[in-house]
Structure formats: C-alpha cells, structure tokens
Number of protein chains: 2
Amino acid sequence: MRVSLKDVAAHAGVSIKTVSNVVNNYQHVTPAMRERVQRSIDALGYRPNLAARHLRKGRTGIIALALPELGNPYFAELAAAVIDAAAAQDYIVLLDHTGGRREQEVLVSQGFRARVIDGLILSPIELETEDLHDRAEQVPLVLLGEREYDLPYDHIAIDNVAAARAAVRHLMGLGRREVAFIGARRGRSEPAQLRVRGWREELTAAGLPTDDGLVAATDGWGHADGAAAMTRILETGRRPDAVFAYNDPMAIGAMRVLHARGLRVPEDIAVVGFDDVVEGRFGAVTLTSVSPDKEAIGRLAVESVLARLGGEAPDPRRIRADYRLVERESTLGRR
Amino acid sequence: MRVSLKDVAAHAGVSIKTVSNVVNNYQHVTPAMRERVQRSIDALGYRPNLAARHLRKGRTGIIALALPELGNPYFAELAAAVIDAAAAQDYIVLLDHTGGRREQEVLVSQGFRARVIDGLILSPIELETEDLHDRAEQVPLVLLGEREYDLPYDHIAIDNVAAARAAVRHLMGLGRREVAFIGARRGRSEPAQLRVRGWREELTAAGLPTDDGLVAATDGWGHADGAAAMTRILETGRRPDAVFAYNDPMAIGAMRVLHARGLRVPEDIAVVGFDDVVEGRFGAVTLTSVSPDKEAIGRLAVESVLARLGGEAPDPRRIRADYRLVERESTLGRR
DNA sequence: TTGAAAGCGCTAACAT
DNA sequence: ATGTTAGCGCTTTCAA
C-alpha cells in the first residue's frame with residue numbers, strides 16, 4: 001500500500017500535523033524537526049495523495065481545455081501554449097475535443113465530460129448564447145476564438161474583423177480587385193462571420209462590390225473543405241484574382257486545386273490564409289497568413305481562469321491578443 | 001456550497017446509502033425509490049464529487065498521455081485517437097508534452113508532472129532503459145513509438161523496420177538506386193534507429209551499398225530540420241535520386257528545398273515520408289508516406305493501460321499495429 | 001512550535 | 001431493499 005502521512009508520522013515519531021507542515025512548507029517548523037521529518041519522508045518514499053488533498057481543499061490542480069479539433073495545427077499549437085502556461089502555474093491540462101459540434105460543446109460547458117477540474121477553457125464553434133445561459137456548472141469558464149457571446153465570461157481573441165481587413169487590404173494593395181472568401185459557414189450559426197465581415201468592410205471601403213458569388217460556404221475547416229470550395233468557385237466560371245481563406249488548411253487545400261488546374265499562385269490568384277501554421281511556411285509556395293499570437297492567447301486564457309479561482313471575481317473582460325500579417329510567396333511571389 | 005449526497009438524502013427523506021445506490025445504479029433498488037431519489041437529485045442539481053469518490057476508490061478516471069510535441073500533426077492526430085478511445089471507456093485524458101527531451105520524459109515517467117492519474121501512456125524519444133528501471137511510480141505505464149526497451153511494459157508500435165523496408169523497396173521498384181535517409185538522430189541515442197536499419201537492410205538486400213554520406217542526422221524532427229538536412233546533402237554535391245525521411249514534416253521540408261532549387265519531385269528526386277499526416281495530401285506534390293494505423297494505436301494504448309488497472313497483470317506485450325504504404329505523387333508523379 | 005481531532009464527500013461492509 | 005457507520009488521506013481549527 002502507499003505510504004500516508006500517518007506512516008511518516010509514526011516513522012518520525014511525530015504527529016501527522018507536523019509532517020503535513022513540512023510537506024506544505026509551513027513557516028514555523030524548527031530546522032531540526034524539518035530535517036528529521038524529511039528524512040522519514042525520503043526513507044519511506046512518501047508522496048502526497050492528491051485526491052485527498054483535493055477533497056479537502058476543493059481544488060484539483062487541473063484545468064480543462066476543449067478545442068474543436070486537434071488535427072488543425074493551429075489548435076495543436078494553441079494546446080501546447082496552454083499546457084506550458086498552465087505548467088508555469090503548477091496546473092495540468094485535461095484536453096478534450098468537440099469536433100466543433102454544438103452538442104459536444106454544450107456537454108463540455110456543462111462539465112459533463114470532465115468533472116474534476118478547477119476551470120475550463122473552451123473554444124466554441126457552434127455553441128449558442130442560450131446554451132450558456134443555464135450553465136449549472138460553477139467552475140470558471142473562459143471563452144476563446146472568433147465566436148462572441150454577450151455573456152459574463154472572459155473572452156480572449158484577436159480582433160478578427162480588423163485582422164481580416166488587414167488581409168484584404170494587403171491584397172488590394174497588390175492590385176487585386178476580385179477577392180473570394182472561402183470558409184463561410186453553412187447553416188444558421190456563422191463562426192466565420194467576423195472574418196467575412198472584415199472582408200466585406202474592407203472591400204466596401206475600397207469602393208468595390210461584395211459579391212456573394214465569391215463567398216464559398218463549407219461544412220468543415222480542413223484542407224479538403226478548402227479544396228472543395230475552391231473547386232466550386234472555379235466551376236461557376238468565376239476567376240477571382242485573390243482568395244482569402246478562413247484558415248490555413250483551407251488556403252492550402254485551395255492552393256492545391258489551383259496548382260492542379262495550372263493556375264499560378266500568386267500570378268493568377270493570390271492566396272491569404274489565417275492562423276499562420278507551420279505547414280504554410282514549407283509548401284512549394286509559402287503562404288501569406290494572419291498570425292495570431294498563440295503564446296499570448298494561451299497565457300491569457302490560463303491567467304483568466306486562474307484569476308477567477310482566487311475568489312476574485314473581476315468583471316468579465318474581452319481580451320484582445322495581438323496578431324500580425326505575415327507576407328509570403330502566395331501574395332508576394334518568389335523573390 | 002455544492003450539494004452532497006447528504007443533502008439529497010435529507011431532501012428525499014432517505015439514507016445516504018440509498019442515494020448512493022441510485023447514483024451508482026445499484027441493482028436492488030425499487031423503481032419507486034429510484035424515482036423518488038432521482039427527483040431530489042434533479043431538484044437539487046446534485047453532481048457527485050469525484051475527488052471524494054476517487055479518494056475512496058483509489059481511481060481517478062484520468063489517464064495521462066505524454067507526447068513529444070503537439071506541433072507535429074502525427075502526434076496531434078494520435079492524441080485525438082487516444083482521447084476518443086478513452087472517452088469510450090469513460091476515461092478522460094490529461095495531455096502533456098515532453099519536447100522529446102530526456103529530462104522531461106523522466107519526470108513524466110516518474111509521475112512528477114501529473115499525479116492524479118490511473119495510468120500513463122508515454123511516447124519517448126530520448127528516454128533510456130535505465131531511466132525506467134527505478135520507476136517508483138506504480139501506475140501502469142504503456143510505451144508508444146519507435147524506441148524499444150527491454151523492460152516489462154506494454155509497448156505499442158508498428159513494425160518500424162519492416163515499414164521502412166517497404167518504403168525503400170517501393171523506391172527501388174521505381175528504379176531508384178541512391179536513396180538518402182533524412183532524420184537520423186545526432187547524439188548517443190538513436191530514436192530513428194529502426195527506420196535507419198530498415199533503410200540499410202533493404203538496400204543491402206538489393207545488393208546496393210549503404211553510403212553514410214547519404215544519411216543526414218538532425219537535431220529535431222520538424223519541417224525546418226528536414227529542409228536543413230536536404231540542403232546539407234545537396235551542398236556536399238551529392239545528388240541522390242530518392243529521399244526517405246524520418247517523418248512527413250521533414251519530407252515536406254525537404255521537398256520545399258528541392259522545389260526552391262529547381263529539382264523536380266519525383267522526376268529528379270523521389271520522396272517518401274512517414275506518418276501520413278493530412279498535410280502531405282495537399283501539397284503541390286502529394287507525399288508518398290508510411291501510414292500507421294493511428295486509430296488502432298490509440299485504442300490499443302488505452303486498452304493496455306486499463307487492462308492493467310483491473311488488477312490483472314498480463315505479461316508485458318509487444319503489440320504491433322498495422323501500417324501501409326500510401327503511394328502518391330512524390331514517388332509516382334502526376335497521373 | 002507541535003499535537004489532537006474533526007470532517008471534506010464518498011463507498012463498502014455490515015446490520016436490519 | 002434500505003439504513004448505519006467506518007474510514008479513504010489530507011488540511012485545519014483549536015488546544016497545549
């Protein structure tokens with residue numbers, strides 16, 4: 001059986017409390033006593049039982065991170081950032097994925113998937129405001145990503161509208177006039193709405209029409225969805241001179257289609273992605289992309305959850321992380 | 001405060017045990033009683049406190065998964081498989097990453113990073129046999145991946161030597177005679193040794209020399225490392241007619257270099273990767289790759305850990321997962 | 001500065 | 001079929 005505080009106490013000939021004091025680095029312990037107890041701890045190989053500690057303190061030292069899908073490298077990289085930020089505060093991360101499906105997101109937000117957690121970081125796709133209204137769960141929740149909710153939770157994201165505008169502006173600056181948007185979402189909910197809005201606003205500001213025939217809706221957000229959307233646009237006979245994709249995998253999928261059809265990037269069609277995943281830097285044509293500060297997002301998310309744990313209840317905040325546009329061959333061409 | 005069993009019992013006018021019986025779906029409860037208790041549970045919004053349950057049962061319902069890095073899509077996809085397999089058994093996954101560094105791997109294997117877990121799935125890179133010898137931790141450990149250890153732990157992997165041989169054989173079948181290997185590892189430990197061995201064996205079997213000038217060692221396993229290694233080989237003046245990379249990101253990095261130098265894939269140099277990540281299917285030239293059955297690996301890993309939890313102590317097994325070689329444009333060319 | 005004892009919420013052995 | 005109770009390992013008053 002495992003050794004408990006009691007065993008150590010018996011071995012050292014002291015009380016349980018004294019051992020506990022040593023384990024928890026309590027101030028007022030004489031060095032001699034600390035020494036003696038520590039010796040017993042080492043001798044017996046004592047390791048505190050966290051379940052018991054948690055039961056007692058009501059804390060588990062675990063935060064959950066629920067992402068749409070790990071296959072998308074953006075989320076994988078984000079997960080890495082969150083794990084590191086959590087580790088820096090002695091927290092461990094439970095990872096879950098929702099597939100971006102509302103039902104799963106609701107389950108997660110209600111705490112039905114992971115129940116041993118001190119806090120939850122959720123990046124929703126389809127989740128609706130009303131799903132969060134009757135949240136029985138009282139563990140702190142922090143929201144990530146493009147969807148915005150008018151609810152009292154911290155929300156961390158970059159300014160998606162501004163970022164999308166910057167991307168489109170970059171294309172305009174290169175003389176492109178017909179910019180397609182790939183990755184609007186089918187159905188009622190519109191996860192991509194902020195980026196579509198940025199696209200629309202920037203075109204309008206430039207005095208250009210925003211042609212819905214150039215907006216391709218998709219079911220998912222992977223390479224294949226981007227490829228399918230690009231194909232669909234081309235098959236209508238439209239020939240835009242630029243494409244702005246909801247994310248990098250979709251942009252890369254689109255480029256694959258362009259390449260296969262003999263269209264040159266960027267000479268014939270320039271392409272801009274979103275998220276700046278590593279993969280975009282190593283294709284035959286490197287990808288221009290909006291690069292959110294993932295490190296910061298991960299760190300801010302962890303800080304937000306933990307802040308609410310301390311009993312402090314700061315007002316819910318909308319936190320803006322940085323981003324920048326990384327210009328590469330898919331818009332600038334080969335230097 | 002949270003509602004406890006006691007609160008529900010009081011509300012329903014029954015004993016704690018009865019409520020517990022209902023919550024745990026104990027057999028012998030009259031439907032009427034079950035109904036009545038359930039009503040109280042719903043009314044009060046009772047949710048079991050897992051910390052307490054775990055303290056009592058000595059189980060947490062959590063398994064840890066420690067991977068080298070999430071940025072590599074192979075590991076991200078594997079993580080997804082493990083999470084799903086665990087969910088199917090009502091288990092939740094704590095995710096950690098080691099950076100493939102021995103020190104971190106040791107920490108993880110000793111349980112110093114996550115201590116509230118029922119089992120651990122570890123995919124080591126630098127870890128040495130002796131690091132596992134004095135494992136104080138008694139939670140079940142399952143090993144994943146290419147490194148093999150002569151130790152009493154379950155180990156799940158594909159047959160790396162055979163898979164590497166299949167890849168090289170495919171190249172030989174296409175008439176290639178000078179096959180470089182990218183991604184051998186610097187330093188004492190050799191995570192890539194099985195794949196290098198397969199490469200060597202197959203060349204030897206074909207009566208070809210295995211030229212060490214065609215083996216490029218790297219520090220990491222990312223796109224950039226593959227690109228650097230490819231560059232190094234080319235700059236020695238060597239011009240192999242094929243490249244076999246340790247993994248897909250390295251293969252893609254290498255293809256980027258070839259493309260930038262005007263070398264055609266596969267006409268001038270054919271390329272084969274390993275892991276079959278999604279990204280390889282959408283480049284300008286799609287990538288031929290060894291495709292391990294990630295689903296199966298994830299499932300087998302979870303099953304292995306959980307099997308050892310049941311008190312059963314089956315003999316440690318070496319479990320072989322399936323793989324296949326997926327042939328694409330980087331060796332076959334454009335159809 | 002250290003010890004004794006209560007109790008966190010739950011399960012399981014035992015009693016009814 | 002349901003109730004009583006001890007105790008999982010720890011932290012935390014409270015007392016010495």
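In what follows, chains are A, B, ... by sequence order, proteins preceding strands, each numbered from 1. A quick note: this is a predicted structure, and the numbers were derived from the prediction, not measured. Computed from heavy atoms alone, side chains included, the values below leave out hydrogens, waters and symmetry copies.
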- prompt: Does any pair with a residue in residues 64-78 of chain A pass side chain to side chain donor-acceptor pair (under 3.5 Å), and if so which ones, sequence neighbours excluded?
  reply: E77(A)-K294(A)
- prompt: Among all residues two or more places apart in sequence or in another chain, which pass the salt bridge (Lys or Arg N to Asp or Glu O under 4.0 Å) test with E35(A)?
  reply: R39(A)
query: By side chain to side chain donor-acceptor pair (under 3.5 Å), which residues pair with K6(A), not counting sequence neighbours?
result: none
field: H28(A): partners by ring pair (Phe, Tyr, Trp, His ring centres under 6.0 Å), with sequence neighbours left out
entry: Y26(A)
Bend angle of the helix from dT1(C)-dA16(D) to dT16(C)-dA1(D), end axes from five pairs each (to 10°): 40°
message: Using the side-chain heavy atoms of V14(B), tell me which of these nucleotides is nearest: dG3(D), dT2(C), dC10(D).
response: dG3(D)
query: Once you round it to whole Å, what is the distance between C1' of dA5(C) and NZ of K6(A)?
result: 13 Å
task: Find the distance R53(B):CZ to dC10(C):P and express it as a whole number of Å.
output: 8 Å
- line: side chain to side chain contact (heavy atoms under 4.5 Å, CB included) filter on H97(A), not counting sequence neighbours, yields A80(B), I83(B), D84(B)
Scan nucleotides 14-16 of chain D against the protein and return all N/O pairs shorter than 3.5 Å with their distances rounded to 0.1 Å.
none

query: Hey, does I16(A) reach any base, or is it just sugar-phosphate, or nothing, if we go heavy atoms under 4.0 Å?
result: base
- request: Compare all side-chain heavy atoms of D42(B) with those of Q38(B) and state whether any distance is below 4.5 angstrom.
  value: yes
message: Using a strict threshold of under 4.0 Å (side-chain N to carboxylate O), is an ion pair present between E148(B) and R320(B)?
response: yes
- request: For R56(B), report the nucleic acid contact type (base, sugar-phosphate, nothing); a contact means any heavy atom under 4.0 Å.
  value: base
- prompt: Once you round it to whole Å, what is the distance between C1' of dT11(D) and NE2 of H54(A)?
  reply: 12 Å
- line: Contacts of D154(A) meeting salt bridge (Lys or Arg N to Asp or Glu O under 4.0 Å) (sequence neighbours excluded), chain-then-number -> R308(A)
statement: note: R47(B), atom CZ; dC10(C), atom P; distance rounded to Å ~ 12 Å
message: My understanding is that only one of V305(B), I319(B), L306(B) makes a side-chain contact (heavy atoms from CB on, under 4.5 Å) with V142(B); could you say which?
response: V305(B)
task: To the nearest Å, give me how far apart CZ (R59(A)) and C1' (dT12(D)) are.
output: 16 Å
- line: Ranking dC10(C), dA1(D), dT2(C) by distance to the side chain of H28(B), first place goes to dA1(D)
- prompt: Does dT11(D) have OP1 or OP2 sitting under 4.0 Å from an N or O in the side chain of N24(A)?
  reply: yes
query: Taking only residues two or more places apart in sequence or in another chain, which ones pass salt bridge (Lys or Arg N to Asp or Glu O under 4.0 Å) with D131(B)?
result: R102(B)
field: Of the listed nucleotides dT12(D), dG3(C), dT4(D), the one nearest the side chain of S15(B)
entry: dT4(D)
query: Out of dG3(C), dC10(C), dC10(D), which has the shortest distance to the side chain of A52(A)?
result: dC10(D)
task: For V23(A), answer base if it contacts any base atom (sugar-phosphate contacts may also be present), sugar-phosphate if it contacts only those atoms, and nothing otherwise; contact means non-hydrogen atoms under 4.0 Å.
output: nothing
query: Counting just side-chain N and O atoms, does Y26(A) come under 4.0 Å of either OP1 or OP2 of dG3(C)?
result: no
field: E128(B) bridged to R147(B) by N-O distance under 4.0 Å
entry: yes
query: Starting at the 5' end of DNA chain D and moving along, which residue's nearest nucleotide shows up first, N21(B) or K57(B)?
result: N21(B)
message: Using OP1 and OP2 only, check whether a side-chain N or O of S4(A) sits under 4.0 Å from dG9(D).
response: no
- prompt: When the distance from CD of E35(A) to C1' of dT1(C) is rounded to whole Å, what number comes out?
  reply: 17 Å
- request: With DNA chain C as reference, determine whether L55(A) or T30(A) sits nearer its 5' end, using the nearest nucleotide of each.
  value: T30(A)
task: Report the nucleotide, chosen from dG9(D), dG3(D), dT11(D), that has the shortest atom-to-atom distance to any side-chain atom of T18(B).
output: dG3(D)
Atom pair distance, as rounded to whole Å: CG in L50(B) and C1' in dT11(C): 14 Å
- prompt: Mapping L5(A) and V29(B) to their closest nucleotides on DNA chain D, which lands nearer the 5' end?
  reply: V29(B)
